[in-house]
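Both counts, for ligands and for their atoms, begin at 1 and track the order of listing.
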Amino acid sequence: MGRKKFPLPNVVLSEYFKLENIIDVYPYGNGHINHTYLVEFPTCKYIIQRINDDVFANPFAVMNNIELVTSHIRKNVIYNGQDARTCVLTTILTKYGQTMAIVNDEYWRCTRFIEEGITYDYTDNPEIFEEAGRAVGLFQRHLDTFQARLLVDTIKNFHNTPNRYNTFLDTIKINRVDRVKECLKEIDFVNERKNKIDVIIKLLHERKIPRRVTHNDTKLNNIMIDKVTNKALGLIDLDTVMKGSLLYDYGDALRCGASTAEEDDVNLDNVKVNMEFFKVFTRGYLSEVKGIIVDEEIKKLVYSFFLMCFEVGMRFLTDYIDGDRYFKLTHEQKQKRPNINLERAKNQLKLAYEVEKNYQELTTIVNEILSQLGYRIVLDPEEII
Ligand code: ADP
Ligand code: GN1
Ligand code: MG
């Protein structure tokens, strides 16, 4: 029997490529959700991903959303005289002309590998993080003219924090793998804040802030930065593009990039708000969304930073209690970091606490930037969560 040459089935590869031309295939990137591989040819590369259909119940809807959104952005990018191959994801069709290959009940897709860009899991370069802010703002600007109703909610209630809190309570009640006893402190932390978590969802329901097209997963490694110039190219990982609040995208990017520690750092003393990074990201972001963002959204910018740390911390905690069924562990993690979801939860809840503690200073920074960029609104520096 011959050795298996590539880590993904030849039947999948052959939906897209002539096998004999492939030089190598290997796992790529550090996403938590899909299985991602790089396929190398002598002169070019492609990304192949298995869509996680435990998470995305309707992969067709995911691909349909992506096609609609990327076509819209591509049109704008070309209009601006920029390179659409680097600034937007390009879906590669199967040999039958489909956006997905369905092989043995698995859903696979392929995109052009954006070799000109790089995604960082972590950066200590403020110039890059300011560009990340621009990329998130620009994404919003591109989609300001897109009809949100065309998109399907690929994960219902994705950023509905009160809804996620109810799931958290149910998971504790069920206590499927008897882990509740290991997380009592973190559970208390979450419960103590249950009255602070419905602000954005309420504003959306009351139509005090607009429902927009948002990315919903703006962590740093979903933001493509030009390798040479360090300038923003665009956002990738578009599986969760759907209707939402722009506050989710602003807050989520900060939770990931404006921390002094990585998401799974176990030394909680390392986890603080990186004020400089908060400032540069906010500057990049607000310079792009000027004229689009409304005052009621601006008032909740700092809050959204708190909420996104809290929400994902609670999600990691819920999943740990539930036996790691959503954020699945790799083989290596099972060996070396079996409690990684609890570690991530502690880390992100600590960051939420740090945002609370520094709320007024963060508000002052937003005010400075608003004034520098010529916005009229001034936030109340005395406000706390
Ligand atoms: P996940 O949902 O698992 O996070 P992503 O779509 O974010 O999946 O892909 C995981 C990683 O693979 C990204 O963080 C990025 O580094 C890399 N990646 C994905 N698609 C591309 C692409 N078209 N070009 C370059 N890198 C990519
Ligand atoms: C997941 O797919 P990825 O790794 O970019 C998750 C996000 C979380 C993030 C935490 C669809 O993002 O919601 O904030 O992990 N994506 C999904 O790191 O659940
Ligand atoms: Mg990703």
Side-chain angles (χ1 to χ4, degrees), residues 26-40 44-57 59 62-63 65-66 70 84-92 107-123 132 153-161 164 167 214-227 233-242 244 248-249 251-257 259 262-265 307-319 324-328 330 340-341 343-345 347-348 351-352:
Y26 47 91
Y28 191 79
N30 289 312
H32 294 338
I33 301 297
N34 296 307
H35 292 276
T36 302
Y37 301 88
L38 188 69
V39 183
E40 266 192 32
C44 58
K45 298 186 176 102
Y46 295 93
I47 288 281
I48 288 209
Q49 291 179 303
R50 179 175 160 198
I51 302 175
N52 183 333
D53 59 333
D54 290 334
V55 167
F56 298 102
V62 169
M63 291 314 291
N65 282 359
I66 292 178
T70 52
R85 294 174 324 140
T86 58
C87 299
V88 202
L89 275 179
T90 312
T91 300
I92 305 297
Y107 298 83
W108 294 85
R109 65 152 170 247
C110 179
T111 50
R112 174 184 181 268
F113 177 64
I114 304 177
E115 205 163 4
E116 303 78 356
I118 181 162
T119 57
Y120 293 91
D121 291 322
Y122 186 81
T123 182
D153 282 347
T154 48
I155 303 181
K156 289 227 177 331
N157 292 313
F158 190 60
H159 282 307
N160 183 335
T161 323
R164 293 220 179 249
T167 308
T214 46
H215 181 284
N216 296 304
D217 189 2
T218 48
K219 67 197 238 192
L220 193 58
N221 67 15
N222 292 330
I223 303 179
M224 202 44 89
I225 303 286
D226 190 299
K227 255 183 198 166
L233 289 174
L235 304 190
I236 61 163
D237 197 351
L238 303 175
D239 300 332
T240 48
V241 171
M242 48 190 163
Y248 300 142
D249 285 358
D252 201 25
L254 287 168
R255 104 169 157 80
C256 177
S259 170
E262 290 195 56
E263 182 182 77
D264 58 359
D265 192 329
L307 188 71
M308 289 295 97
C309 301
F310 178 89
E311 184 186 277
V312 90
M314 177 171 69
R315 286 175 62 197
F316 282 135
L317 185 58
T318 306
D319 200 42
D324 309 310
R325 296 197 316 158
Y326 186 94
F327 294 107
K328 294 196 170 66
T330 60
I340 192 164
N341 280 324
E343 291 159 1
R344 289 168 173 156
N347 176 305
Q348 295 294 292
L351 191 58

Mode of [X] contact toward ligand 2 - side chain, backbone, both, neither (heavy atoms, under 4.0 Å):
X	answer
Tyr248	neither
Asp239	neither
Arg255	side chain

For ligand 1, note which part of [X] has a heavy atom under 4.0 Å away: side chain, backbone, both or neither.
X	result
Thr111	side chain
His32	backbone
Ile47	side chain
Leu89	side chain
Met224	side chain

*For ligand 2, is Arg344 a contact, meaning one of its heavy atoms is under 4.0 Å away?*
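Flag not set, Arg344 not near ligand 2.
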Could you list the atoms of ligand 2 found under 4.0 angstrom from a heavy atom of [X]?
X	value
Gly31	4 (O)
Asn222	5 (O)
Phe158	11 (C), 13 (O), 17 (C), 19 (O)
Thr240	11 (C)
Tyr326	11 (C), 17 (C), 19 (O)
Asp237	2 (O), 3 (P), 5 (O)

*Tell me, please, which residues at least two apart from Asp53 pass salt bridge (charged side-chain N to carboxylate O under 4.0 Å, His left out).*
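Here no residue qualifies.
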*List for me each residue that meets salt bridge (charged side-chain N to carboxylate O under 4.0 Å, His left out) alongside Asp324, sequence neighbours excluded, and say none if there are none.*
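If we apply the salt bridge (charged side-chain N to carboxylate O under 4.0 Å, His left out) test to Asp324, skipping adjacent residues, the hits are Arg179.
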So, is [X] polar-close to ligand 2, with some N/O to N/O distance under 3.5 Å?
X	value
Asp252	no
Asn30	no
Asn221	no
Asn216	no

_Close-contact set for ligand 1 against Ile33 heavy atoms, below 4.0 Å_ =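 Reading through ligand 1 atom by atom, the close ones are 2 (O), 3 (O).
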*What atoms in ligand 1 come closer than 4.0 Å to a heavy atom of Tyr28?*
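What qualifies from ligand 1 is 12 (O), 17 (C).
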*Aromatic ring pairing Phe327/His32, orientation class (parallel under 30°, perpendicular over 60°, tilted between)*: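 Geometry flag for His32 against Phe327: perpendicular rings.
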Can you find an N/O atom of [X] closer than 3.5 Å to an N/O atom of ligand 1?
X	answer
Ile236	no
Ile114	yes
Asp237	yes
Arg109	no

*Could you tell me which residues satisfy ring-ring contact (aromatic ring centres under 6.0 Å, His included) with Phe113, sequence neighbours excluded, listed by chain and number?*
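Only Tyr28 meet the ring-ring contact (aromatic ring centres under 6.0 Å, His included) criterion with Phe113.
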*Would you call Arg109 and Asp239 a salt bridge, using N to O less than 4.0 angstrom?*
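Salt bridge between Arg109 and Asp239, a charged N being under 4.0 Å from a carboxylate O: yes.
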*asked:* Tell me whether Arg255 is salt-bridged to Glu263, with the criterion being a basic N under 4.0 Å from an acidic carboxylate O.
replied: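 Looking at Arg255 and Glu263, the cut-off is met.
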*Single hit among Asp237, Leu89, Ile114 for side chain to side chain contact (heavy atoms under 4.5 Å, CB included) with Met224*: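 Single side chain to side chain contact (heavy atoms under 4.5 Å, CB included) partner of Met224 among Asp237, Leu89, Ile114: Ile114.
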*asked:* Can you check which of Asp217, Asp319, Asp264 brings a heavy atom nearest to atom 7 (C) of ligand 2?
replied: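 Checking each option, the heavy atom nearest atom 7 (C) of ligand 2 is found in Asp217.
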Among protein heavy atoms, which sits nearest to [atom], and what does the distance come to when rounded to 0.1 Å?
atom	answer
atom 15 (O) of ligand 2	His32 CD2, 3.3 Å
atom 11 (C) of ligand 1	Gly29 CA, 4.0 Å
atom 16 (O) of ligand 1	Thr119 OG1, 2.6 Å
atom 10 (C) of ligand 1	Thr36 OG1, 3.7 Å
atom 3 (O) of ligand 1	Asn34 N, 2.8 Å
atom 13 (C) of ligand 1	Asn221 O, 3.6 Å

*Quick one: name the protein N/O/S atoms under 2.8 Å from the Mg ion (ligand 3), chain by chain.*
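Sorted hits: Asn222 OD1, Asp237 OD2.
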*Could you tell me whether the side chain of Asn34 and the main chain of Asn52 form a donor-acceptor pair under 3.5 Å?*
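Between the backbone of Asn52 and the side chain of Asn34 there is a qualifying donor-acceptor contact (under 3.5 Å).
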*Decide side chain to side chain contact (heavy atoms under 4.5 Å, CB included) for Tyr122 and Asn221; before the verdict, give the C-alpha distance in whole Å, the side-chain angles of both, and the deciding distance to 0.1 Å.*
CA-CA 8 Å; Tyr122 186 81; Asn221 67 15; over 6 Å; no
*Contact with ligand 1 for Gln49, non-hydrogen, under 4.0 angstrom*: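 Contact present.
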